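Take a look at the structure below.
Predicted model, so just to flag it, every value in this text is computed and none were measured. Computation of the quantities below employed the complete heavy-atom set of this structure, encompassing side-chain atoms and omitting hydrogens, waters and symmetry-equivalent molecules.
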Amino acid sequence: MFLEGKVFKFGDNVDTDVIIPARYLNTQDHKELANHCMEDIDKDFAKNVKSGDIIVGGNNFGCGSSREHAPIAIKASGVSIVIAKSFARIFYRNSINIGLAILECDMADKINADDIVSVDLDKGIITNKTQNWTTEVVPFPEFIQNIIKNNGYINSIKNSCK
């Protein structure tokens with residue numbers, strides 16, 4: 001699976017209340033969640049993000065509550081992958097469950113906003129096309145790659161039963 005997009009850069013400890021503010025948790029509508037994604041940290045994110053774009057964060061991305069709304073809002077906004085130095089464990093698992101690709105990368109702080117980055121999920125290769133460098137990360141095992149390719153855990157189970 002190959003992904004490529006423009007980077008939206010955020011720092012350390014981006015919590016789920018910033019990813020999708022609590023005042024919008026009264027909806028399950030994915031499009032509505034996407035309309036408010038990241039608005040408390042970047043008011044223009046929802047109108048500027050394009051399908052395939054990439055979020056890059058620092059340490060502890062997705063900390064805070066265990067709400068699944070946060071990765072849903074990111075995915076529904078069109079983001080293809082979140083790359084961070086580290087993730088809060090519940091955000092990490094929720095992301096995989098809904099089929100949002102995420103990768104931990106020690107080089108995340110070397111990626112800048114507006115860089116064009118490509119990711120080969122199968123091989124665990126991240127290429128910063130703007131800065132002309134490549135790094136390797138540990139790729140997901142095949143069963144997790146299958147969950148992401150099938151757009152989430154439930155779809156992965158459904159498709160394996162066909």
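- Closest non-hydrogen pair, Ser80 versus Gly52, comes out as OG-O, 2.9 Å.
- Side chain of Lys9 to backbone of Asp114: no donor-acceptor contact under 3.5 angstrom is found.
- Cys37 SG to His30 NE2: the interatomic distance, rounded to the nearest 0.5 Å, is 12.5 Å.
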Inset, instruction - Assess whether side-chain contact (heavy atoms from CB on, under 4.5 Å) is satisfied between Ile54 and Val82, documenting all intermediate values. - result: CA-CA 6 Å; Ile54 295 170; Val82 178; over 6 Å; no
Inset, instruction - Kindly indicate, with the supporting measurements, whether the criterion ring-ring contact (aromatic ring centres under 6.0 Å, His included) is fulfilled by Phe10 and Phe61. - result: CA-CA 9 Å; Phe10 300 98; Phe61 190 92; 7.2 Å; no
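- Inspection of the Asn97 and Glu68 side chains reveals no N or O donor paired with an N or O acceptor under 3.5 Å.
- Between Val119 and Phe2, every side-chain heavy-atom pair lies at or beyond the 4.5 Å cut-off.
- Note that OG of Ser65 and CG of Asn94 are 9.0 Å apart. Values are rounded to the nearest 0.5 Å.
- No salt bridge links Arg23 with Asp17; every basic N to acidic carboxylate O contact stays at or beyond 4.0 Å.
- Contact check for Cys63 versus Phe91: no side-chain heavy atoms found under the 4.5 Å cut-off.
- The residues Glu136 and Lys123 are annotated as not salt-bridged, no charged nitrogen and carboxylate oxygen being separated by less than 4.0 angstrom.
- Contact check for Leu3 versus Ser118: no side-chain heavy atoms found under the 4.5 Å cut-off.
- Using a 4.5 Å cut-off on side-chain heavy atoms (C-beta onward), Val14 and Ile19 make contact.
- Distance alone, capped at 3.5 Å, is enough to place a donor-acceptor pair between the Thr27 side chain and the Asp29 backbone.
- With salt bridges taken as basic N to acidic carboxylate O contacts below 4.0 Å, none links Asp106 and Lys85.
- Rounding to the nearest 0.5 Å places CZ of Phe87 at 7.5 Å from CG of Leu103.
- Between Tyr92 and Glu104, the side chains place no donor N or O within less than 3.5 Å of an acceptor N or O (distance only, hydrogens not considered).
- A donor and an acceptor atom, one from each side chain of Asn128 and Asn132, are nowhere located under 3.5 Å apart.
- A donor-acceptor contact closer than 3.5 angstrom is absent between the side chains of Asn60 and Ser86.
- We find the OG-CZ distance between Ser66 and Arg93 to be 14.0 Å, quoted to the nearest 0.5 Å.
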Legend entry - Full working for side-chain contact (heavy atoms from CB on, under 4.5 Å) between Phe140 and Ile148: CA-CA 10 Å; Phe140 283 123; Ile148 293 167; 3.7 Å; yes
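- Residue Ser95 holds its OG atom at 6.5 Å from CD1 of Ile74, rounded to the nearest 0.5 Å.
- Under a 4.0 Å N-O distance rule, the pair Lys47/Asp44 qualifies as a salt bridge.
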